[in-house]
Chemist: 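Below is a structure I'd like to ask you about.
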There are 2 protein chains.
Amino acid sequence: MHGRGPWWQERFNQHCVRVTAAREVVINVLHETAEHLSATEIYMKAHAISPEIGLTTIYRTLELLEQMRIVQKFDFGDGQARFELLNNPGGKGHHHHLICVKCKKIIDYKDFINEEINCLGKTQEFLSEKYNFQINDHIVSFYGLCEECRGKKS
Amino acid sequence: MHGRGPWWQERFNQHCVRVTAAREVVINVLHETAEHLSATEIYMKAHAISPEIGLTTIYRTLELLEQMRIVQKFDFGDGQARFELLNNPGGKGHHHHLICVKCKKIIDYKDFINEEINCLGKTQEFLSEKYNFQINDHIVSFYGLCEECRGKKS
DNA sequence: TATAATAATGAAAACCATTTTCATTTAAAG
DNA sequence: CTTTAAATGAAAATGGTTTTCATTATTATA
């Protein structure tokens, strides 16, 4: 069923985008950690593997991967974008977020995912048709204050 | 049942935050448009009403309102944060987003909103207890490519 | 295999949204 | 009215992200 090469190869082909060393490194770095990495963090890890890769390329690659829906970009409010591989929404690694707006703490959760996925799935199907969108994935985030921050002033 | 003064007055009191002219203006500006305004756009509108209000205050006010959960901050990927009043999640104005990752087009939708809210409500209750969070609201966003962008290269 | 055409890259500079500093003003408490 | 702490504006600094531009690598074509 599956072709040769990694799962994302096909996406590259669809988008007429070349598979380069830098892009493979970025995907591998994300695959190894897969948790909320910033562009700079990705750069440092990638740089450790292939020192010739520049920060600019990291940014360009991440933007590309985002548009190909291989990567999801997040803003948790701490001033820098963060990225996660999104190989299979609805699959194993998929999770949602619980975010403290004061200290920016983030909790990944998977509880009730089935019910949520079910419900979101219906919505996705509907929206996809109504607005003629090719929907690939979604973000669900809950916002509030964690225990420690609830006490604080200002 | 309701006290005197606008609905957000109580929040200010809870958080020991002063009600100032600038803050009222910001809330009013958001109340009038209530759609995806950036800090600069809010500044311009606020400035038109009260020219003594500076951009810095706009930023500070927005951060404050975000922490008090009077305002929700969004990142749609166009390089600047955007803000919406979130007076009543589950209420009339509440909506979710459908975002094109290429052209950054945003569609507000309310379809299936009740089912989603319903389903998310259960999750919220569960998470709230499990992680001891005071959850005030949520974001649901679908990502993909719109009709026009699906054809484009690169 | 040569050659042409296009895409990808790195380094440095530019950009620009957001934050910080600091001196001043304003609001609430006693 | 006085005191104390919070809020503000202007200007400067910050720092994540993008652009520019010259160079290199990749794919298509002859």
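Just so it is clear, the structure is predicted and the values come from calculations on it, not from any experiment. Values below: every heavy atom of this structure, side chains too, minus hydrogens, waters and symmetry copies. Residue numbers start from 1 in every chain, and the chains themselves are labelled A, B, ... in the order their sequence lines are given, proteins ahead of strands.
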Chemist: Do the charged groups of A/E32 and A/K45 touch, with an N to O distance under 4.0 Å?
Modeler: no
Chemist: Looking at the side chain of B/R23, which of D/dT8, C/dA12, C/dT18 is the nearest nucleotide?
Modeler: D/dT8
Chemist: Grab the CD-C1' distance between B/E66 and C/dT18 for me, whole Å please.
Modeler: 13 Å
Chemist: Would A/E116 and A/H138 satisfy side chain to side chain donor-acceptor pair (under 3.5 Å), going step by step from the backbone distance to the final call?
Modeler: CA-CA 11 Å; A/E116 283 182 57; A/H138 60 258; over 6 Å; no
Chemist: Could you check how far NZ of B/K104 sits from C1' of D/dT17, rounded to whole Å?
Modeler: 12 Å
Chemist: Mind calculating the distance between CD1 (A/I58) and P (D/dT18) to the nearest angstrom?
Modeler: 13 Å
Chemist: Angle class for the A/W8/A/F12 ring planes (parallel below 30°, perpendicular above 60°, tilted otherwise)?
Modeler: tilted
Chemist: B/L55 side chain: which of C/dT18, C/dT19, C/dA12 is closest?
Modeler: C/dT18
Chemist: Tell me: CD of A/E52 to C1' of C/dA11, nearest whole Å?
Modeler: 14 Å
Chemist: Assuming nearest nucleotide by heavy-atom distance, tell me which of B/S38 and B/V19 is located more 5' along DNA chain C.
Modeler: B/S38
Chemist: Rounding to an integer number of Å, can you tell me how far B/H47 NE2 sits from D/dA10 P?
Modeler: 7 Å
Chemist: Taking OH from B/Y59 and C1' from D/dT8, how many angstroms apart are they, rounded to a whole number?
Modeler: 17 Å
Chemist: Categorize A/R60 for me: base, sugar-phosphate, or nothing, with a 4.0 angstrom heavy-atom threshold over every strand shown.
Modeler: base
Chemist: Which part of the nucleic acid, if any, lies within contact of A/T20, taking any heavy atom under 4.0 Å across all strands shown: a base, the sugar-phosphate backbone alone, or nothing?
Modeler: sugar-phosphate
Chemist: Looking at A/R82 and A/E41, does any basic side-chain N land under 4.0 Å from a carboxylate oxygen?
Modeler: yes
Chemist: Could you pick out which residue, B/T61 or B/G77, lies toward the 5' side of DNA chain D when each is mapped onto its nearest nucleotide?
Modeler: B/T61
Chemist: Between C1' on D/dA10 and OH on B/Y43, what's the gap in Å once rounded to a whole number?
Modeler: 10 Å
Chemist: Mind calculating the distance between CD (A/Q80) and P (C/dC16) to the nearest angstrom?
Modeler: 21 Å
Chemist: If you find the nucleotide of DNA chain C closest to B/F83 and the one closest to B/R18, which residue's nucleotide is nearer the 5' end?
Modeler: B/F83
Chemist: At their closest point, which heavy atom of B/Y109 faces which heavy atom of B/H95, and how far apart are they?
Modeler: O-CB, 3.4 Å
